[in-house]
Structures are given as C-alpha cells and as structure tokens.
Amino acid sequence: MRRPRGEPGSRAPRPTEGATCAGPGESCEKAWAGRLKPHVQGHAAGSPAPNSMLRVLLSAQASSARLSGLLLLPPVQPCCLGPSKWGDHWPPGGGPHAGPVQGLQRLLEQARSPGELLRWLGQNPTKVRAHHYPVALRRLSQLLGSLPQPPPVEQATLQDLSQLIIRNCPSFDIHTIHVCLHLAALLGFPSDGPLMCALEQERRFRLPLKPPPPLPSILREARPEELTPHVMVLLAQHLARHRLREPQLLEAIAHFLVVQEAQLNSKVVQKLVLPFGRLNYVPLEQQFMPCLERILAREAGVAPLATVNILMSLCQLQCLPFQALHFVFSPGFINHISGTPHALIVRRYLSLLDTAVELELPGYRGARLPRRQQVPIFPQPLITDRARCKYSHKDIVAEGLRQLLGEEKYRQDLTVPPGYSTDFLLCVSSCGSVLPVRAQDPFLPYPPRSCPHATRDPAQRVVLMLRERWHFCRDGRVLLGSRALRERHLGLMGYQLLPLPFEELESQRGLPQLKSYLRQKLQALGLRWGPEGG
C-alpha cells in the first residue's frame with residue numbers, strides 16, 4: 001500500500017477546508033514563522049511583535065497558570081535598547097558593541113543566588129536600566145524554582161529588591177510594569193504590599209483600568225484586555241490552518257472573545273470563531289454562544305460575508321441561533337447581497353445553512369432560502385482533497401471494489417443533492433444484494449421530509465466514506481467540522497455510511513489484503529454480490 005509521506009500545504013476559502021503544515025515532521029512554530037511577516041506591521045511601539053507573541057503562546061505548557069501568564073503578559077525581552085543589526089538578541093559575547101548595560105544584564109541572568117542578584121543591582125546604580133528589573137525578577141523566580149525544595153530567601157533581600165523597584169518604577173514603561181506585576185505576583189509578593197501597590201499605581205497612571213468582568217477559573221490570572229485582537233486572530237488562524245485542537249488555547253480565544261465583545265466587529269469575530277467550527281470544538285466558556293448571538297444581532301447587516309462565516313462555524317458545531325437564521329434568510333438580506341462580488345459564495349453558504357435547518361432543526365418555523373436562490377453546496381472536490389490526491393487511498397480502494405464487485409456495482413465521486421460528494425456509492429436491494437448502480441436512481445429524494453414513507457424503490461444507498469489522515473484534527477481522533485457535518489447530513493438524508501479510516505487502510509499490505517478488508521466490511525453490513533448475490 002502506498003503511504004503518505006507528507007501533507008502538502010494549500011490555502012483555500014471556506015467552505016473548503018484550508019491547509020496544513022508542509023510535513024508531519026515539521027514543527028508548527030517553524031512552519032508558521034515565515035508566514036507572519038506581512039502581519040506584524042502596525043503593532044504598538046515597544047510591544048512584542050505578534051509573531052513573537054504567537055511563538056510564546058504555542059510554547060506554553062499545559063497548565064492553566066502557565067498559559068494564563070504567558071498569554072496575557074508578554075515575555076521579558078532580552079534587551080530593550082531598540083533595534084540593531086543583531087535583531088532581538090545579542091550574539092554570544094555581547095556583540096561588537098556590548099557595553100556595561102548589556103554586561104550587567106548578563107551578570108543578572110547568570111546570578112547564582114538571590115544575594116548575588118541583589119548585589120549586582122545595588123552596586124551598579126549608574127548602569128541599571130528599567131528593563132533590568134524584570135530580568136532580576138525573572139532570574140529570582142528561576143533560582144527559586146530550579147530546586148525541588150528551594151532555600152528560604154531572606155526577608156531583607158526581598159525588601160531591598162522591592163525598594164529598588166519602587167524607587168525606579170516611575171521610569172518604567174507600561175510593558176515593564178506589566179511584566180514586573182506578573183513576576184512579583186508569581187514570586188509571592190503580597191497584593192497589598194508596597195511593591196504591588198506601587199506598580200499598580202503606576203499602571204493605573206498610564207493605562208486607566210476598566211472594571212474587570214468575573215473570570216472563569218481556567219484564566220483566573222488573565223487580563224485579556226491587555227492582548228490585541230490581532231495576536232488572537234493570528235493564533236486562531238494558526239490553530240485552524242494546522243488542525244491543532246488545543247483546548248487550552250481554544251478556551252483562551254473563547255474567553256478573549258467574551259471579554260472583548262463590545263470592541264470586536266464581525267469581521268474580526270469570524271476569524272476568532274473559525275477554529276472552533278473547523279476543529280469541531282465546543283468551548284466550555286458558558287457565555288460563548290450568547291456573546292456570538294449578541295454580536296450577530298448587532299452587526300448582521302454590516303458585513304454579510306462575515307455574518308454567514310460565523311454561522312458556518314456554528315453550523316459545524318450544531319449551534320445555530322434562530323434569530324440570526326431569520327435575518328439571513330430574510331428577503332432584505334438576500335436582496336442586499338445580490339449583485340455584490342461575494343454573492344455566489346454567500347448563496348452557497350446560505351444553501352448549506354438551509355440544509356442544516358431542514359435536517360437538524362425540525363422546530364424552526366422562520367424564513368427559509370427560496371428554491372430559486374439555492375445552489376450546490378460543494379460544486380467540486382474540496383481543495384485539500386485535490387492537493388493531496390497522490391496521497392489518497394481512493395485509487396486503490398476503487399481498484400479493490402472493481403475487482404471485488406465489478407465496475408457496474410458502484411459509482412465513484414458522485415455528488416448527491418443538495419451537493420455533498422460521496423467517495424463510493426452502492427445500491428443494495430432489500431435482501432442485501434448489491435445492484436448495478438446505473439440501472440438504479442442513485443439519489444435519495446431531497447428534502448427527505450417531502451417524500452412519502454413508503455416508496456416503490458426499497459433499494460438502500462450505502463456510501464463508503466474515506467477518512468483520510470487530513471480529514472482529522474492533528475491528534476487523529478476527531479473529524480474536522482466540515483467532514484463531520486457532511487457525514488451527519490448524509491446520514492440524516494437516509495444514506496447508510498461505511499467509514500474507511502486511514503489507520504485501517506494504511507495497515508493493508510497490497511491489493512489482495514485490501515480486497516479481503518473490503519469484503520469483510522461489506523459482509524458485516526449484510527451485503528451480497530456475485531453469483532450468490534444475484
């Protein structure tokens with residue numbers, strides 16, 4: 001059997017499925033690093049570039065506290081003296097112009113005890129700069145955390161370090177203040193102590209605080225208002241593109257969306273919601289759905305394409321809000337999008353939404369998409385399947401079915417109403433005999449509720465669905481949202497599904513083994529063919 005060596009990347013608009021990393025052995029950070037350069041312009045001066053923040057987010061450990069700290073408080077920069085030809089980091093030895101400021105930073109980073117750390121700060125007052133204090137706090141945290149049972153730090157040492165920071169914090173920029181606040185909290189400085197009060201006072205002086213909403217326990221340390229939507233959009237796009245179903249990061253995006261609801265427009269929200277539908281992940285954040293419903297109610301008429309993109313993600317999650325459906329199926333909305341450049345893609349989305357209403361929402365009694373406005377949902381194979389056709393098992397499965405059943409007993413790549421593609425379709429009689437497909441009508445009536453319960457055609461339609469490796473999230477266990485939606489809808493339309501998982505297909509060695517595998521799968525459904533099957 002041919003095994004896939006890698007997964008070529010490609011990018012596709014929805015409702016196709018996007019692209020993934022260039023290869024399974026390539027790290028996600030590495031694959032993504034070169035693609036963020038166009039997006040980093042325009043971020044606030046003095047703040048970390050979005051691609052740097054993204055790397056920090058993706059390298060966070062699994063614990064909630066670790067993620068919270070890294071997600072919402074940028075990491076301490078090695079050097080805050082502005083750009084140089086060496087970039088963000090000095091080369092070994094400090095670079096060609098390493099001065100006393102960089103030398104002091106190296107000494108702080110290499111301090112072997114809290115006392116030595118304080119000595120370097122206290123004995124070099126003319127060389128100390130604002131960015132040295134976060135370095136000192138970070139090093140102190142490392143010293144205390146490097147041993148299973150760290151030795152107690154003298155209270156005088158902490159008081160002296162606290163006094164140094166209090167004395168100099170008026171000269172700190174907002175980024176340095178944020179980092180010092182976070183590190184001081186992790187070190188156990190009391191929230192009502194002199195150090196935390198002085199830093200908080202400087203923080204309020206530079207950036208007035210808004211009343212913080214109650215935070216769930218998963219992000220108890222978090223301050224989501226301090227993170228930019230741009231960084232969160234990059235994170236969401238990265239997770240969706242590379243099929244990374246990371247619950248901690250997805251929950252962080254959901255919480256950010258809830259907290260920043262009033263500041264986010266639908267064009268940003270569509271990008272933040274994208275990974276949830278694609279990765280088939282319903283967040284635990286209880287306000288996630290009510291928040292999206294409020295945003296849709298507020299901005300549904302402003303950006304039609306963004307509105308239906310949000311609904312597409314919710315459709316994959318089986319969480320469609322009735323009020324938003326009433327709006328997008330209304331004559332006013334449909335007339336509004338007619339004649340616009342994106343009219344065809346919006347009609348395709350609306351056709352899929354109408355199918356979901358027909359099959360999944362029997363209690364819906366609102367407006368529906370007029371028949372004259374409906375178009376095929378997927379008029380051609382998905383971009384990802386076309387890009388990976390040489391890694392697909394479809395050709396060898398087709399050959400196995402041809403030798404096992406005969407060419408007249410199956411149809412390949414048939415698109416059934418309202419526009420879902422099927423890998424292989426069989427027609428089966430009531431007694432289990434596989435019938436010649438071309439002598440039968442391969443399509444079941446759609447919509448299914450409009451057909452009578454008893455029909456003259458008792459033949460059953462069996463759909464063999466290839467579940468390739470790229471049809472799953474990166475963990476290989478959860479189907480992507482669009483794939484799960486297609487299988488769910490085909491089942492609701494009356495087709496019997498026979499999934500062929502990639503693990504089972506890859507374990508077959510050659511065509512004889514594959515034919516035996518397919519024979520067992522079909523016989524398990526009670527199917528018969530050949531002379532004994534009629």
Side-chain angles (χ1 to χ4, degrees), residues 1-10 17 19-26 243 381-416 420-429 432-438 442 460-480 483-484 486-487 490 495-534:
M1 288 283 296
R2 182 173 55 194
R3 290 175 173 267
R5 293 186 177 180
E7 297 184 358
S10 63
E17 296 193 20
T20 60
C21 289
E26 182 178 1
R243 314 192 325 271
L382 297 180
I383 294 284
T384 45
D385 285 334
R386 296 207 306 268
R388 294 170 175 79
C389 60
K390 62 182 178 181
Y391 306 115
S392 174
H393 295 89
K394 184 172 290 186
D395 289 345
I396 194 166
V397 171
E399 180 61 22
L401 289 175
R402 188 187 69 81
Q403 295 187 19
L404 193 64
L405 305 177
E407 292 183 2
E408 74 283 359
K409 296 291 183 69
Y410 72 93
R411 289 283 299 273
Q412 181 177 346
D413 295 328
L414 185 67
T415 299
V416 301
Y420 282 116
S421 62
T422 59
D423 296 318
F424 302 96
L425 186 141
L426 312 178
C427 290
V428 183
S429 71
S433 299
V434 180
L435 305 173
V437 177
R438 301 189 185 278
Q460 185 180 24
R461 275 68 171 178
V462 177
V463 174
L464 278 66
M465 305 291 291
L466 294 182
R467 288 183 171 179
E468 302 284 11
R469 187 179 293 273
W470 57 88
H471 296 167
F472 290 82
C473 299
R474 186 65 67 173
D475 60 10
R477 295 187 299 272
V478 179
L479 272 175
L480 294 176
R483 298 284 173 174
R486 178 175 67 159
E487 294 193 10
L490 286 173
Y495 294 92
Q496 183 171 1
L497 304 183
L498 177 58
L500 302 178
F502 69 91
E503 304 99 330
E504 297 178 2
L505 293 173
E506 289 177 358
S507 66
Q508 309 306 316
R509 297 292 184 266
L511 192 57
Q513 273 197 21
L514 179 69
K515 287 170 58 179
S516 176
Y517 164 78
L518 292 174
R519 181 181 293 108
Q520 294 174 7
K521 284 283 187 178
L522 296 176
Q523 289 176 343
L525 291 181
L527 273 58
R528 300 182 295 115
W529 59 92
E532 73 281 4

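Below, each value reflects all heavy atoms present in this structure, side chains not excepted, and no hydrogens, waters or symmetry copies.
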Practice prompt. Identify the heavy atoms of Phe472 and Arg243 that sit nearest to each other, and give their distance.
Written response: O-NE, 2.6 Å

Item to complete: Using a 4.5 Å cut-off on heavy atoms from C-beta on, say whether the side chain of Leu522 contacts that of Leu404.
Response: yes

Item to complete: For Leu514 and Leu505, run side chain to side chain contact (heavy atoms under 4.5 Å, CB included): C-alpha distance rounded to whole Å, both residues' side-chain angles, the deciding distance at 0.1 Å, then the answer.
Response: CA-CA 7 Å; Leu514 179 69; Leu505 293 173; 4.0 Å; yes

Worksheet item: Does the side chain of Leu414 reach to within under 4.5 Å of the side chain of Thr422, using non-hydrogen atoms?
Response: yes

Fill in: Gln403-Glu399 side chain donor-acceptor pair, cut-off 3.5 Å
yes

Worksheet entry | Nearest-0.5 Å distance that lies between atom CZ in Arg483 and atom CZ in Arg467 | 11.0 Å

Worksheet item: For the atom pair CH2 (Trp529) and CZ (Arg519), what is the distance rounded to the nearest 0.5 Å?
Response: 6.5 Å

Worksheet item: Is Gln412 close to Lys394 at the side-chain level, that is, under 4.5 Å between some pair of heavy atoms?
Response: yes

Worksheet item: Would you say the side chains of Arg486 and Ser421 form a donor-acceptor pair under 3.5 Å?
Response: yes

Discussion item. So does Glu506 get a backbone contact from the side chain of Arg509, meaning a donor-acceptor N/O pair under 3.5 Å?
Written reply: yes

Worksheet item: Quick check: does any side chain N or O of His393 sit under 3.5 Å from a backbone N or O of Leu466, one acting as donor and the other as acceptor?
Response: no

Discussion item. Quick check against the 3.5 Å criterion: does Tyr420 have a side-chain atom that pairs as donor or acceptor with the backbone of Glu487?
Written reply: no

Worksheet, complete the sentence: The reported gap from CZ in Arg474 to CZ in Arg469 (rounded to nearest 0.5 angstrom) is 9.5 Å

